[in-house]
A.B. asks: 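Here it is, the structure, as structure tokens.
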Amino acid sequence: MATATVTASATTDERAMADLQREHGPALLSFLQGLTYGDQQRAEDLLQETLVRAWQHPEAFEAPYESMRPWLFTVGRRLAIDARRSRLARPTEIGDGVLATTPDPADVTESAVAALDVRAAVESLSPDHQAVLVRIYFEGLSVNEAAESLGIPPGTVKSRSYYALRALARCLPGYARPRPAVRR
């Protein structure tokens, strides 16, 4: 198969195609895996489509090349590019699992349950921590305004709000925001 002496009638021959696949298939598959970022299934599909194209184009066997490999690699690369463009042109699909766990924005039950959970968590805090959170988060006061209202220094307001929020995060584990990764 290394020479260009294969005739056009040999391309439809199963044996000629088997020889072509045996000689160039592993290298082409490895090349296509690189183009598909290691996706074995997609690379195998592209390999199969490349070999179908070789079977459909007997004139490629008569090209003045010493080997069919450059032609096969070019066809495989173009098929990989076309497949990628096709996938990128389509919107991203989501599974039913995501839809099942996503709350309905029109359903007020979720927000009512969350409000009850937050209320219970705030009531579990000490009165000092409750007072700070009510002033800052529910009444919308600044740290200085909350300090003046409570008759305590602004640093104490900051400290109490910090520890109150940490306690709430422990009481409400399902509502905690994911922490950013620490760089080292």
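Numbers here simply count residues along the sequence, with the first being 1. Computed from a prediction, not measured in an experiment: that's the story for all the values here.
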A.B. asks: For atom CD of Gln56, is the number of surrounding heavy atoms from other residues, nucleotides or ligands below 6.0 Å larger than 12?
C.D. replies: yes
A.B. asks: Treating Ile, Leu, Val, Met, Phe, Trp and Tyr as nodes and any side-chain heavy-atom pair under 4.5 angstrom as an edge, say whether Val122 and Tyr137 lie in one connected cluster.
C.D. replies: yes
A.B. asks: Could you measure the distance from the CD1 atom of Ile152 to the CG atom of Asp128? Nearest 0.5 Å is fine.
C.D. replies: 7.5 Å
A.B. asks: Counting only heavy atoms from other residues, nucleotides and ligands, does the tally under 6.0 Å from CD of Gln48 exceed 12?
C.D. replies: no
A.B. asks: Quick check against the 3.5 Å criterion: does Gln130 have a side-chain atom that pairs as donor or acceptor with the backbone of Glu123?
C.D. replies: yes
A.B. asks: Would you find a donor on one side and an acceptor on the other, under 3.5 Å apart, between the side chain of Thr74 and the backbone of Pro70?
C.D. replies: yes
A.B. asks: With a 4.0 Å cut-off, would you call Arg42 and Asp45 a salt bridge?
C.D. replies: no
A.B. asks: What distance separates Ser161 OG from Arg166 CZ, expressed to the nearest 0.5 Å?
C.D. replies: 12.5 Å
A.B. asks: Could you report the tightest heavy-atom contact between Thr50 and Gly76, atom names first, then the distance?
C.D. replies: OG1-CA, 3.4 Å
A.B. asks: What's the separation between atom OG in Ser86 and atom CD1 in Ile81, rounded to the nearest 0.5 Å?
C.D. replies: 13.5 Å
A.B. asks: Please answer whether the main-chain N or O of Phe31 pairs with a side-chain N or O of Arg77 as donor and acceptor at a distance below 3.5 Å.
C.D. replies: no
A.B. asks: Take atom CD of Glu44 as the centre, draw a 6.0 Å sphere, and report whether it contains more than 12 heavy atoms from other residues, nucleotides or ligands.
C.D. replies: yes
A.B. asks: Just by distance, no angles: are the side chains of His129 and Arg160 close enough, under 3.5 Å, to form a donor-acceptor pair?
C.D. replies: no
A.B. asks: Do you know which two heavy atoms are closest between Cys171 and Ser124, and how far apart they sit?
C.D. replies: SG-OG, 3.8 Å
A.B. asks: For Gly25 and Leu47, work out which heavy atoms get closest and say how close.
C.D. replies: O-CD1, 4.1 Å
A.B. asks: Taking the side chain as C-beta and beyond, is there a heavy-atom pair between Arg84 and Leu88 under 4.5 Å?
C.D. replies: yes
A.B. asks: Counting only heavy atoms not in Arg87 (residues, nucleotides, ligands), do more than 12 fall under 6.0 Å from its CZ?
C.D. replies: yes
A.B. asks: Does the Thr36 side chain pair with the main chain of Leu32, one donor and one acceptor, at a distance under 3.5 Å?
C.D. replies: yes
A.B. asks: To the nearest 0.5 angstrom, please state how far the NE2 atom of His24 sits from the CZ atom of Phe73.
C.D. replies: 9.0 Å
A.B. asks: May I ask whether Leu150 and Leu165 are part of the same hydrophobic cluster, defined by side-chain heavy atoms of I, L, V, M, F, W, Y residues being less than 4.5 angstrom apart, directly or through others?
C.D. replies: yes
A.B. asks: Going from CG on Leu125 to CG on Leu133, what distance comes out if it is rounded to the nearest 0.5 angstrom?
C.D. replies: 6.0 Å
A.B. asks: Under 3.5 Å, side chain of Ser149 to main-chain N/O of Glu145, donor-acceptor pair present?
C.D. replies: no
A.B. asks: Leu51, Trp55: one ILVMFWY side-chain cluster at the under-4.5 Å cut-off?
C.D. replies: yes
A.B. asks: Among Leu28, Leu79, Val75, Asp39, find the one that has a side chain to side chain contact (heavy atoms under 4.5 Å, CB included) with Leu46.
C.D. replies: Leu79
